[in-house]
Number of protein chains: 2
Amino acid sequence: MKNKRQGKILELISLHDIGTQEMLMEKLRDSGFDVTQATISRDIRELKLARVVTGKGSYKYLPPNVSESTVSVKFNGALTESIISVDSAVNIVVIKTYPGLAQAVATGIDAVENSMIVGCIAGDDTIMVVTRDEKSAAVVSQNIKKMIKTV
Amino acid sequence: MKNKRQGKILELISLHDIGTQEMLMEKLRDSGFDVTQATISRDIRELKLARVVTGKGSYKYLPPNVSESTVSVKFNGALTESIISVDSAVNIVVIKTYPGLAQAVATGIDAVENSMIVGCIAGDDTIMVVTRDEKSAAVVSQNIKKMIKTV
DNA sequence: GAATAAACCGCATAAATATTCATTTTGTTA
DNA sequence: TAACAAAATGAATATTTATGCGGTTTATTC
């Protein structure tokens, strides 16, 4: 029963915008699954669902996605050692590397997928990272600097 | 104050595993931001953070996932079929393509001359289009997305 | 089938988060 | 600067979510 119910939960949240466990409970009951909020809370933990803020400012459950796995990805030491300097202006972070290594480092930055980073482009020894806003640029720049230091 | 604080929040959640707003409140206070849980709740909504279940079964705040705001499409048009996603930040539009195709697509974008576009450069799989201002970036980004969809 | 253990789940409640309302702070215009 | 409007915030509280505990069901082994 539990498996079917959890399958139904995944189906429901992908079909509708469901913002609370109570709302989910009602939908589940419509589908013949008569459970309490407590059980749904446990299901959500087991399914590793995320509760996110939508564009409209309301809340919504989402299936597990890249967000979790991507965050754990870290730079490896070799890459951070190729970085000479990091600087930022407005919403752009500029990273200088030793000649020919920019592509490799940029690949690493792409791997550390981060919602603050819109995208990045690399030449031979320079990388430009476009971030969502000025604030993000500062954070990203600072994070990269920290990574350099800890290596 | 609010902006700095929210920037700090982004920094804190990217550096530590923060599972509750109360925990975040303590870290913020350590950093000199003396605010209440209520304010943090509002910040979280504004920053569109997500609360996700970690691998260990605990909870954790994360920045919003890129995939939410990124349009990823696969289509069968001449140039547009090589485009994976379009996004923008401030006055820059970033277009991701399949590997090696960025140059070709960029040539197409240059061809579609537009007074809003200052210029663009292309790497291997990423194009950056610099526009006059923020509004232009939104328009250009929107137009490209439409081109992808209508093909 | 009986005995035992493990998983499941509801109830009640604790813990965490969101929101209302009143106040203060900040920004704007004259 | 004064007067006003808008934004930001805290305190209290409502709402939502997580969990301890005990009962029940399910699975396993004899």
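Residue numbers start from 1 in every chain, and the chains themselves are labelled A, B, ... in the order their sequence lines are given, proteins ahead of strands. These numbers come from the heavy atoms of this one structure, side chains and all, not from hydrogens, waters or symmetry mates. Source: prediction; values computed, not measured.
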At how many degrees, to 10°, do the end axes of the helix from C/dG1-D/dC30 to C/dA30-D/dT1 meet when each uses five pairs?
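End-to-end axis angle: 40°.
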Mind listing the N/O atom pairs, protein and nucleotides 12-15 of chain D, below 3.5 Å?
none

Between [N] atom [atom2] and [X] atom [atom1], what is the distance in whole Å?
X     : N      : atom1 : atom2 : result
A/M25 : D/dA18 : CE    : C1'   : 15 Å
A/L47 : D/dT17 : CG    : P     : 15 Å
B/E22 : D/dA18 : CD    : P     : 16 Å
A/Q21 : D/dT19 : CD    : C1'   : 12 Å
B/R29 : D/dT9  : CZ    : P     : 13 Å
B/I44 : D/dT17 : CD1   : P     : 14 Å

Between B/R42 and A/I40, which residue's closest nucleotide on DNA chain D lies nearer the 5′ terminus?
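Result of the comparison: B/R42.
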On DNA chain D, compare the nucleotides closest to B/E46 and B/R51; which residue's is nearer the 5' end?
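First, find each residue's nearest nucleotide; the 5'-ward one identifies B/E46.
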If you measure from [atom1] on [X] to [atom2] on [Y], what distance do you get to the nearest 0.5 Å?
X      : Y      : atom1 : atom2 : value
B/L28  : B/M25  : CG    : CE    : 9.0 Å
A/S31  : A/E26  : OG    : CD    : 12.0 Å
B/L62  : B/R51  : CG    : CZ    : 11.5 Å
B/F33  : B/I40  : CZ    : CD1   : 11.5 Å
A/I44  : A/T39  : CD1   : OG1   : 11.0 Å
A/M128 : B/M128 : CE    : CE    : 5.0 Å

Residue pairs passing the salt bridge (charged side-chain N to carboxylate O under 4.0 Å, His left out) test where at least one lies in residues 6-15 of chain A, sequence neighbours excluded
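Only A/K8-A/E11 qualify under salt bridge (charged side-chain N to carboxylate O under 4.0 Å, His left out).
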Under 4.0 angstrom, heavy atoms only, what part of the nucleic acid is [X] near: base, sugar-phosphate, or nothing?
X     : result
B/S41 : base
A/G57 : nothing
B/D43 : nothing

Evaluate side chain to side chain contact (heavy atoms under 4.5 Å, CB included) for B/I9 paired with B/L49, printing each intermediate quantity in order.
CA-CA 10 Å; B/I9 289 177; B/L49 302 189; 4.0 Å; yes
Under 3.5 Å donor-acceptor pairs involving side-chain atoms of residues 17-24 of chain A, not counting sequence neighbours:
{"from": "A/D17", "atom 1": "OD1", "to": "A/K60", "atom 2": "NZ", "distance (Å)": "3.1"}
{"from": "A/T20", "atom 1": "OG1", "to": "A/E22", "atom 2": "N", "distance (Å)": "3.4"}
{"from": "A/T20", "atom 1": "OG1", "to": "A/M23", "atom 2": "N", "distance (Å)": "3.0"}
{"from": "A/Q21", "atom 1": "OE1", "to": "A/Q37", "atom 2": "NE2", "distance (Å)": "2.9"}
{"from": "A/Q21", "atom 1": "NE2", "to": "A/Y61", "atom 2": "OH", "distance (Å)": "3.3"}

When you measure from the side-chain N and O atoms of A/R45 to the phosphate of D/dT17, is any distance below 4.0 Å, counting only OP1 and OP2?
no
Report yes if a side-chain nitrogen or oxygen of B/R5 is closer than 4.0 Å to either non-bridging phosphate oxygen (OP1 or OP2) of D/dT9; otherwise report no.
yes
Quick one: salt bridge (charged side-chain N to carboxylate O under 4.0 Å, His left out) partners of B/E46, sequence neighbours excluded?
B/K2
Nearest to the B/Y59 side chain among D/dT16, D/dA18, D/dG10, which nucleotide is it?
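So the nucleotide nearest the side chain must be D/dA18.
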With a 4.5 Å heavy-atom cut-off, do B/Y59 and B/V52 have their side chains touching?
no
Nt span of DNA chain C in reach of chain A heavy atoms at under 4.0 Å, 5' end first, is C/dC8 to C/dA18
Would you say the side-chain atoms of A/R45 pair up with the backbone N or O of B/G57, donor to acceptor, closer than 3.5 Å?
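Yes; judged by distance alone, with no hydrogens or angles, the pair exists.
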